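Nothing here was measured: the structure is a model prediction, and the numbers come from that model. Just so it is clear: chains get the letters A, B, ... in the order the sequence lines come, proteins before strands, and each one is counted from 1. Only heavy atoms go into these numbers, but all of them, side chains included; no hydrogens, no water, no symmetry mates.
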Amino acid sequence: MPELPEVETVRRQLEPVLVGRSIAAVRVLDPLLVAPVNPARLRRALVGHAVVGLGRRGKYLQVLLDSGDTLVMHLRMTGRLHHTAPGGRAPADRHRRARFTFDDGSTLDFSDTRRFGRAWMLPDDGHANAAYWSARLGPEPLDPAFTAEVLADALRGRSAPIKATLLDQRRVAGIGNIYADEALFQARVHPLRPAGDLDEHEVAALRDAIVDRLHVGIDQGGASIDRYRDTLGRPGSMQDMLRVHRHEGDPCPVCGTPIVKSRVAQRGTYHCPECQPVD
DNA sequence: ATTTTCCCCTGCCGGC
DNA sequence: TGCCGGCAGGGGAAAA
C-alpha cells in the first residue's frame with residue numbers, strides 16, 4: 001500500500017520524464033477514478049497544458065500544470081502509475097483506470113485493482129493551496145521543520161493509541177500501516193500507548209524513528225508487500241527490511257521474542273511484546 | 001472536538 | 001475441485 005516513501009519514489013521517477021511535456025490526451029476508462037467529477041471535465045482541464053512540476057504532500061501526488069491548476073492523485077491501496085517512454089509499449093493491464101498521453105507519445109497509466117484510488121483537479125491557486133492541504137494534513141515528516149517539538153505538539157493531550165494517531169493524516173502526513181509499525185518498533189513504543197502519554201524522550205525517539213524509516217523506505221524504492229510497483233513496474237525492496245510488520249510469530253530481530261499481531265485502529269498491527277512494553 | 005465505527009472495492013486464502 | 005466467508009486497508013462520512 002503506497003505510503004510516503006512509495007509516493008515519493010513515484011514522484012522522483014515522474015519528475016524528469018513529465019516536466020516540460022504537454023498533455024495531448026486523457027482517457028478515463030473507469031469514471032469512479034474521478035468521481036463525482038465528469039471525466040470530460042477533467043479532460044478539458046488537462047489537455048493542452050504542460051507539466052511544470054511534480055509535488056507531493058503526504059501520500060498525495062501533485063502534478064503541477066502551466067495553467068496554475070494541480071492534478072492530484074492518490075493511489076490508496078492498490079493504485080499504480082506506469083510510465084511508458086515514447087515508442088514503448090505499455091503492458092496489458094485489465095485494471096487500468098485512466099491513460100494520460102503526452103505530446104511526445106509517452107503515456108502515464110493509472111492502474112488500480114481495488115478501485116480506491118482517486119484523481120481530481122485542484123483549481124488554480126498559485127500552486128500553493130496552503131489552506132486546502134493544511135486542513136487535511138499535518139506536518140511533512142521529512143521536512144527539516146519536523147522536530148521532536150512539532151511531533152510533541154501533534155500528540156499532546158490525545159488519548160487515542162499512538163498507532164492510531166500516527167495513521168491520522170491530520171497529525172503527521174504520509175505515515176501508513178507499514179511505517180507506523182516499523183517506527184514504533186524502532187522507538188520501542190507500544191502501539192496502544194495513549195499518544196499524549198509519551199514522555200519527552202519517547203517522542204524524540206519516535207520522531208527520529210519515523211524520519212529514519214521513511215528515509216530507508218525511499219532508499220529502498222518503497223515496500224512491495226502488496227501490489228506496489230514503481231513507474232517502470234519494478235518492485236521496491238523495503239519489504240525485505242521490515243522488522244515487525246507482517247512478521248507475526250517470527251523472532252524479534254533485537255531480542256528473539258515472537259512478534260505479536262493485534263488489531264489497532266482497525267488495522268493489523270505488529271509489535272514485539274518485549275521491546276515495546278505497554279508499561 | 002475527538003475518537004470510533006462503518007464502508008467502499010477486489011483478490012486472495014483457508015476451510016470444508 | 002469449487003464454493004464461500006473472512007480478511008486486507010486509506011481515508012471520508014457518519015456515529016458515538
Side-chain angles (χ1 to χ4, degrees), chain A residues 1-11 28-37 56-62 72-81 92-98 110-120 122 132-138 140-141 153-184 191-198 210 214 217 222-229 235 238-239 242 244-249 259-271:
Chain A
M1 49 262 17
E3 305 179 23
L4 188 155
E6 288 75 29
V7 179
E8 178 62 18
T9 299
V10 168
R11 189 199 70 75
V28 176
L29 295 91
D30 181 2
L32 186 59
L33 177 71
V34 299
V37 175
R56 179 190 57 75
R57 212 30 194 103
K59 305 172 192 172
Y60 297 78
L61 184 69
Q62 305 161 317
V72 184
M73 293 186 275
H74 198 300
L75 302 174
R76 290 287 184 91
M77 301 296 304
T78 54
R80 291 185 193 174
L81 287 170
D93 184 354
R94 69 190 183 97
H95 299 299
R96 184 157 56 93
R97 306 297 173 194
F110 193 125
S111 166
D112 188 8
T113 304
R114 284 186 202 163
R115 305 174 70 202
F116 282 161
R118 293 292 183 273
W120 66 96
L122 202 53
Y132 178 88
W133 294 109
S134 64
R136 291 164 176 74
L137 298 175
E140 281 294 321
D153 286 344
L155 306 184
R156 188 165 294 120
R158 305 201 173 278
S159 60
I162 182 62
K163 164 103 186 240
T165 305
L166 290 181
L167 293 177
D168 184 345
Q169 303 300 296
R170 292 167 304 177
R171 304 298 158 231
V172 181
I175 301 173
N177 207 30
I178 299 172
Y179 294 93
D181 281 355
E182 294 298 306
L184 286 170
L192 281 178
R193 292 275 306 285
D197 286 2
L198 271 62
I210 290 169
L214 292 178
S224 294
I225 59 175
D226 202 351
R227 299 189 62 81
Y228 168 75
R229 295 293 186 277
M238 185 62 186
Q239 65 278 8
L242 302 182
V244 292
H245 188 76
R246 304 219 175 179
H247 278 287
E248 181 181 18
I259 299 302
V260 171
K261 180 181 183 182
S262 62
R263 199 153 181 87
V264 179
Q266 323 299 329
R267 300 290 179 263
T269 297
Y270 302 81
H271 78 284

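Here the closest non-hydrogen pair linking A:Lys261 and A:Tyr270 is CE-OH, 3.4 Å. In terms of heavy-atom proximity, A:Ala195 sits nearest to A:Leu155 at O-CB, 3.7 Å. Closest approach of A:Ala173 to A:Glu140, counting heavy atoms only: CB-OE2, 3.8 Å.
Not a single donor-acceptor pair under 3.5 Å links the side chain of A:Arg246 to the backbone N or O of A:Val244.
A straight line from CD1 of A:Ile178 to C1' of C:dA8 spans 12 Å, rounded to a whole angstrom. Whole-Å rounding puts the A:Arg114 CZ to C:dG11 P distance at 15 Å. Atom CD in A:Gln266 sits about 15 Å away from atom P in C:dA16, given to the nearest Å. Taking atom CG on A:Leu75 and atom P on C:dA8, their separation rounds to 22 Å, with Å as the unit. Regarding A:Met77, its CE atom lies at a distance of 12 Å from the C1' atom of B:dC8, rounded to whole Å. Per the geometry, CZ belonging to A:Arg246 stands 11 Å off C1' belonging to C:dC7, to the nearest Å. Atom CG in A:Leu4 sits roughly 16 Å away from atom C1' in C:dG11 (whole-Å rounding). Per the geometry, NZ belonging to A:Lys59 stands 5 Å off P belonging to C:dG10, to the nearest Å.
Residues of residues 156-171 of chain A having a heavy atom closer than 4.0 Å to DNA chain C, listed by number: A:Gln169.
A salt bridge links A:Asp168 to A:Arg171: at least one charged side-chain nitrogen sits closer than 4.0 Å to a carboxylate oxygen.
Contacts of A:Arg267 with the nucleic acid, taken as non-hydrogen atoms under 4.0 Å apart, include base atoms. A:Arg118 comes within 4.0 angstrom of nothing in the nucleic acid, heavy atoms only.
A cation-pi geometry, defined here as NZ or CZ lying under 6.0 Å from the six-membered ring centre and within 45° of its normal, holds between A:Arg136 and A:Tyr132.
Taking five base pairs at each end of the helix from B:dT2-C:dA16 to B:dC16-C:dG2, the local helix axes there meet at an angle of 50°, rounded to 10°.
Between A:Arg76 and B:dT10 there is no side-chain polar atom (N or O) within less than 4.0 angstrom of OP1 or OP2. One finds no side-chain N or O of A:His95 lying less than 4.0 angstrom from the OP1 or OP2 phosphate oxygen of B:dC9. Considering only side-chain N and O atoms, A:His74 lies under 4.0 angstrom from the phosphate OP1 or OP2 of C:dG11.
In this model, no donor atom of one side chain and acceptor atom of the other lie less than 3.5 Å apart for A:Gln239 and A:Tyr228.
The stacking criteria are not both satisfied for A:Phe116 over the base of C:dG11, which would need a centre-to-centre distance under 5.5 angstrom and an angle between ring planes under 30 degrees.
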Worked check of side-chain hydrogen bond (donor to acceptor under 3.5 Å, both in side chains) between A:Gln169 and A:Tyr60: CA-CA 11 Å; A:Gln169 303 300 296; A:Tyr60 297 78; over 6 Å; no
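Tested against A:Arg97, the residues A:Asp30, A:Leu32, A:Val28 include a single side-chain contact (heavy atoms from CB on, under 4.5 Å) partner, A:Asp30.
Here B:dT10 is the nucleotide among C:dG10, C:dA8, B:dT10 with the atom lying nearest to any side-chain atom of A:Arg115.
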